[in-house]
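Quick notes on the structure that follows.
We use all heavy atoms of the structure for the numbers below, so side chains are in, but hydrogens, waters and symmetry mates are not.
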Amino acid sequence: MSREHDKYDKVVELAKRRGFFWPSFEIYGGVAGFYDLGPLGTLLKSNIIRLWREFFITRHMDMVVEIETPVITPEVVFEASGHLHHFTDPIVECTSCRRKFRADQLIEEALNVKVEGRSAEELTRMIRENNVRCPFCGSDLGEVRVFNLLFQTFIGPYTQNKAYLRPEAAQGMFTSFKRVHKVMREKLPLGIAQIGRVARNEISPRQGMVRLREFTIMEVEFFFDPEEPGEPPLSRFGGNLRILTADAKVRGEEGPETYGVEEAVQEGIIKNKWLAYWMAVARDFIKALGVPENHMYFEEKLPHERAHYATQTFDQLVRISRWGWIEVSGHAYRGDYDLQGHMRYSGQDLTVFKKFEKPVTRKVEKVFVNKVVIGKLFKEKSAEVLKLLESVDTDLIKEALSKGESYIEIKGFKVPASAVEVRVIEEKVVGRKFIPHVVEPSFGAERLVLMVLDHAYTEEEERVVLKVPHHIAPIKLAVFPLVAKEPLVSIAKELFSKALAEGIPAIYDDSGSIGRRYARADEVGVPYAVTVDYQTPEDKTVTIRERDTRAQVRVGLSEVVSRIKELVHA
RNA sequence: GCGGCGGUCGUCUAGCCUGGUCUAGGACGCCGGCCUUCCACGCCGGAAAUCCCGGGUUCAAAUCCCGGCCGCCGCACCA
């Protein structure tokens, strides 16, 4: 790096200077972890989002739908999701060497007791009472502090009405799953997608646009039947995945291996075929943003690196300047963790019912009880006894009966054997209930903005050319008169208006030399520049110049706009 | 959060050590004018700096001291 600015600095400098992004609240000194998107950044981001929609929703419209749910979320949701518990770390600092420790782990190790669920105050007291000291330097420890990465707020004027800004969009998909599933005529598999703002109160964000306290997330929660998951449409997205497995990481390997999507599933490297499928979609999406495949791979997270809800997670890593490999997406197998949690806390039935092709009849053993006898014998305790008898194992009753005992004892109640009977009956089962499993591909949009700029940034002969793929370029067309003179100016302005009217994001520029204007347009990645020159008034033709090759073609004035449309959609 | 380094027009920077000559200089960019028949041409003019913020020392602070904020690096932390 030294005095020579590295690429990252140049990208960030360009971003600020030309209006892609900059630190928020700059006039007040800025706040770490917050960035504004400027005019070009906003356009680029919305193009990235449009492309994501295309890959993850439009091209999967037979199974994925998009919804929108609130950022502000009542506390109970995060109790159910485990975020309140798992997003909170009790941390204690050594007063001398300033090293930080997880207070709970420290106490559990030192005192060999379980402290799960204890408050910070209790943990502090335990440290004081048992004289737990810094394991490194032996000095006193400070107060136990709680770090919760959820931003807290209140709903209405009631401070007891706690709420949090969501740290992921996912919970909105889980809490509305039942409704969406119904709306989608109870079909599985079902993907619910959402694009929206999320907030995480990072303890100390670094890395500029890479680690933000508030950002836009693009997620799909993909619900399927764990027993009959169906077949991913590999004809749409298949091929190979570059993967660094957890095993390989433990062995000390650093580079990924290549596996076919199906192969990875068959060999158990990816635990679920849908997880593998969405990774293939993610690979192509990132490629479409201009990242070559050798600058990207998937890394399996080790158990301690995974979120509390996941049983297997892969991060999609992309190489950018300065920060090296950064995570642009996460692919988590969440199982039924979330729906289970919400069932428990809401009391709602979030299971899915699936009819069998044919109803199944099966023989089951049921306990029949003579309620008259029970009633007379146990009076007001009868209800309790009946409930116990219902839940008790039929084998236990059969065993007692076969031994010829005169009564069966359950939790202190002596039930006469004559009042109980085990019968085998035929039961007709028309289907089964289950909790769907979920795989989740999840992307951070702002990181992708940075990633795209970093990959697009090139320098040619002292000038910057932002080689963003044409279909995500913020501005598609620049219109110039060769020199700022009539009739060239009028013709150019007319063409410019026509382009705007046709929905092509375009700029008009007539200041300075033509070379300077090409350079200005190149710097922000405008793929095509149309120049009105002295030949135009004569034969009604203009030149179209392509950004990366600087090649020019002459086309008729009347067909320019449709030509540009074709070119940028290619 | 700890430690190190840094923060001056839009951008990059000179000045800071050795306080006054700084009404803060330059380059690029930007704006206006002239010029210009295809890749940052040239000429003229212009706008543009809370010298990161606050306090202190001093007759005098961009410059020295303290605190804070922000950034980078290292450590710690990281759903």
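Judged by atom type and distance alone, Ser513(A) does not reach the base of rC41(B) through any side-chain donor-acceptor pair under 3.5 Å. With hydrogens and angles left out, the side chain of Gln552(A) and the base of rC38(B) share a donor-acceptor pair within 3.5 Å.
Of the candidates rA40(B), rC77(B), rC72(B), rA40(B) carries the atom nearest the Glu523(A) side chain, counting heavy atoms from C-beta on. Listed nucleotides: rC39(B), rU37(B), rC41(B). Nearest to the side chain of Leu482(A): rU37(B). Looking at the side chain of Ala484(A), the nearest of the listed nucleotides rU36(B), rC38(B), rU11(B) is rU36(B). Side chain of Thr531(A), nearest nucleotide from rC38(B), rC72(B), rC39(B): rC38(B). Listed candidates were rC39(B), rC12(B), rA40(B). Nearest to the side chain of Glu13(A) is rC12(B). Of the candidate nucleotides rC41(B), rC38(B), rA40(B), rC38(B) has the atom nearest to the side chain of Tyr518(A). The side chain of Tyr534(A) lies closest to rU37(B) when the candidates are rU11(B), rU37(B), rC38(B).
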Got a list of protein N/O to nucleotides 25-33 of chain B N/O distances below 3.5 Å?
unit_1  : atom_1 : unit_2    : atom_2 : d
rC30(B) : OP1    : Arg520(A) : NH1    : 2.1
rC30(B) : OP2    : Arg516(A) : NH1    : 3.0

Identify each atom pair where a protein N or O and an N or O of nucleotides 65-71 of chain B are less than 3.5 Å apart, giving names and distance.
unit_1  : atom_1 : unit_2   : atom_2 : d
rC70(B) : O4'    : Gly29(A) : O      : 3.2

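Base contact: Arg545(A) has a heavy atom under 4.0 Å from a base atom. Residue Trp323(A) is in sugar-phosphate contact alone, with no base atom involved, counting any heavy-atom pair closer than 4.0 Å across all strands shown.
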Under 3.5 Å donor-acceptor pairs involving side-chain atoms of residues 27-44 of chain A, not counting sequence neighbours:
unit_1   : atom_1 : unit_2   : atom_2 : d
Asp36(A) : OD1    : Ser24(A) : OG     : 2.6
Asp36(A) : OD2    : Trp22(A) : NE1    : 2.9
Thr42(A) : OG1    : Gly38(A) : O      : 2.7

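The pair Glu219(A)-Arg166(A) does not meet the salt-bridge criterion, since no charged nitrogen lies less than 4.0 angstrom from a carboxylate oxygen. Between Arg322(A) and Asp9(A) there is a salt bridge, with a side-chain nitrogen of the basic residue lying less than 4.0 Å from a carboxylate oxygen of the acidic one. Lys271(A) and Glu300(A) are not joined by a salt bridge, as no carboxylate oxygen comes within less than 4.0 angstrom of a charged side-chain nitrogen. A salt bridge is defined here as a Lys NZ or Arg NE, NH1 or NH2 lying under 4.0 Å from an Asp or Glu carboxylate O, and Lys10(A) with Glu523(A) fails to meet this definition.
Contact annotation: the side chain of Thr69(A) never approaches that of Thr175(A) to less than 4.5 Å [non-hydrogen atoms, C-beta and beyond]. The shortest side-chain heavy-atom distance between Pro481(A) and Tyr508(A) falls under the 4.5 Å cut-off. Contact annotation: the side chain of Val530(A) never approaches that of Thr543(A) to less than 4.5 Å [non-hydrogen atoms, C-beta and beyond].
The distance from atom CZ of Phe215(A) to atom P of rC78(B) is 17 Å, rounded to the nearest whole Å. Nucleotide rU36(B) holds its C1' atom 9 Å from the CZ atom of Arg517(A), rounded to whole Å. Straight-line distance from the CZ atom of Arg463(A) to the P atom of rA40(B): 6 Å, rounded to whole Å. Remark: P of rC78(B) and CG of Leu150(A) are 15 Å apart, rounded to the nearest angstrom. Rounded to an integer number of Å, the gap from NZ of Lys10(A) to P of rU13(B) is 12 Å. Remark: C1' of rC78(B) and NE2 of His83(A) are 14 Å apart, rounded to the nearest angstrom. Residue Ile544(A) contributes atom CD1, which lies 15 Å from atom C1' of rC38(B) at whole-angstrom precision. If you measure from atom NZ of Lys16(A) to atom P of rG10(B), you get 11 Å, rounded to the nearest angstrom.
Look at rA14(B): it lacks any Watson-Crick or wobble partner with both distances under 3.5 angstrom.
Taking the six-membered ring where the residue is Trp, Phe222(A) and Trp274(A) present tilted rings, their angle falling between 30° and 60°.
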